[in-house]
Amino acid sequence: MNSNKIFWGARLQLAGWYAGVMSIILTVSGVSIYQVMAHAHWQAVDRELESVAGTLHDSLEPLLTESDRIAINVQQILPNLCIIGEECQPESPARHILGAIQQDSFYALFLTRSGRLIATVGKPPIGMIPKIGQDPWQTIEDRKGNRYHQISLLLKNNRGESWGYLQVGRSLADYEQHLQQSKLTLIISLPIAFLMVSVASWYLAGIAIKPVYSSYRQIQQFTADAAHELRTPLAAIRATVESTLNSDAISEAESRDILQTINRQTVRLSELVQDLLLLSRMDLQLITLQKQTCCLNEIVGDLVEEVSSLAIQSNIDLKLKILHHSPIYINGNEDQLYRLILNVLINAIDYTPEYGTVELLLDHMDHHAMIQIQDNGIGISAVDLPNIFDRFYRVSSDRSRKKGGSGLGLAIAQAIAKVHNGNIQVKSELGKGSIFTIQLAHNP
Ligand code: ADP
């Protein structure tokens, strides 16, 4: 297949399209998954901050007394509280009621109602002047480019008056590191996935194009065989005509001989063309068979009678066995059914030597009628057996040509069986004979 430029190109194109589409789908899916993940992570950050800030707010409010001033008992629940202007306590190993505040990434700021910073907890961004904005959520960046996300809440004292503001924030370093890692994984895995998709595409395109290639080869073979079959009678006619034209005078008897030769070849040609036409029409399902109820008993009876003279000439014992005596009817085209059985029967006689036996058996099973044509002739080898229904296939060209066969008989028989929802099978052994079994759906 790869040696044929058209198919190689088609395979390449198919693989290219497949790989391209798959790569786009992979990229879009990868980027979407990344965005969904980043969004979910961001929401988790928000939820975490909201929960820490909410808990702090609820725990602190009952302890706050005077506005803009940190009450002493605040330090009981926040031992690491660092009040601006006072010396900060060293980091206390004591656990806060809020575990999250103890994490390195979290911090809390206390601001007066005018926005002045009065106390901190944890590690707030260095060199940043805290601001209270309209939006409680803020994402800020320090001088080093480290980003923080924070929430501002208004605190009230235990008398319900506004006390000042609480800002709870966290560093986004671990969030950004996580996203960075995901981005890196995506950047590394996407080209690997593209590579794998390309290899798989090439392989799948090969599988997809194989049946197309084999039908293309069959058509090529068929065209070559058809041309070859047509050439033989045409060459014979041409040679006869040329030799006649070259001879000075020809007698009446010679003219008759010449015309007979031309007639024989013309008949062969027209039969061949008719067979080819029939096959191609059946292939394209152009034939609308005029189906009627046909009696198989009558058809096989007529056929045996018709070919009996041929069997007698070849000293062959031709037998007809009808196992089921009530008539078997099938819905079909009588001419076609006649042709189907005739082709197989003639072959059995043709390929059975003198004093051999050919037996036609008619029976019926549950849902189908069965016609079996059995001979004890030359048989077919296991190598040839799978090909005998192929168009123009002849086991031995010389042997078949002597019998005048073109190798289309069984192909036509098979096509007719198919359009009658039936099938034809063969069992054969070289030197021992063959059994052809035709099954056709019969009328109930
Ligand atoms: P042909 O016109 O050559 O007979 P067919 O399509 O009818 O073509 O048959 C294909 C080939 O199958 C024949 O060339 C023949 O060699 C083989 N064949 C068919 N029927 C028999 C049979 N009953 N016994 C042995 N060979 C057979």
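Atoms within each ligand, like the ligands themselves, are counted from 1 in listed order.
- Remark: ligand 1 atoms within the under-4.0 Å shell around heavy atoms of Tyr393 are 10 (C), 11 (C).
- Ion pairing of Glu334 with Arg339 is absent here, as no side-chain N (NZ or NE/NH1/NH2) approaches a carboxylate O to less than 4.0 Å.
- Each salt bridge (Lys or Arg N to Asp or Glu O under 4.0 Å) pair with one or both residues in residues 175-198, not counting sequence neighbours, appears once here: Arg147-Glu176.
- Interface atoms of ligand 1 facing Arg394, defined by a heavy-atom separation under 4.0 Å, are 3 (O), 14 (O).
- Between Val395 and ligand 1, at least one pair of N/O atoms sits closer than 3.5 Å.
- Put simply, part of Asp375 is less than 4.0 Å from ligand 1, judged by heavy atoms.
- Ligand-side atoms of ligand 1 in range of Ser406: 2 (O), range being under 4.0 angstrom from any heavy atom.
- A salt bridge links Asp283 with Arg391: the closest approach of a Lys/Arg side-chain nitrogen to an acidic carboxylate oxygen falls below 4.0 angstrom.
- Ligand 1 is never approached by Phe389 to a heavy-atom distance shorter than 4.0 Å.
- Residue contact check: Gly409 has heavy atoms under 4.0 Å from atoms 5 (P), 6 (O), 7 (O) of ligand 1.
- Atoms CZ and OG, from Phe222 and Ser280 in turn, are 7.0 Å apart once rounded to the nearest 0.5 Å.
- By the criterion of a heavy-atom distance under 4.0 Å, both the backbone and the side chain of Leu410 are placed next to ligand 1.
- Around CG of Leu245, the count of heavy atoms belonging to other residues, nucleotides or ligands within 6.0 Å exceeds 12.
- Shortest non-hydrogen contact noted between Pro353 and Ile378 is CD-N, 4.2 Å.
- Close approach to Ile388 involves these atoms of ligand 1, each under 4.0 Å from a residue heavy atom: 10 (C), 12 (O).
- Of all the atoms in ligand 1, the ones that sit under 4.0 Å from a non-hydrogen atom of Gly407 are 1 (P), 2 (O), 3 (O), 6 (O), 8 (O).
- Side-chain atoms of Leu408 and Leu272, non-hydrogen and from C-beta on, do get closer than 4.5 Å to each other.
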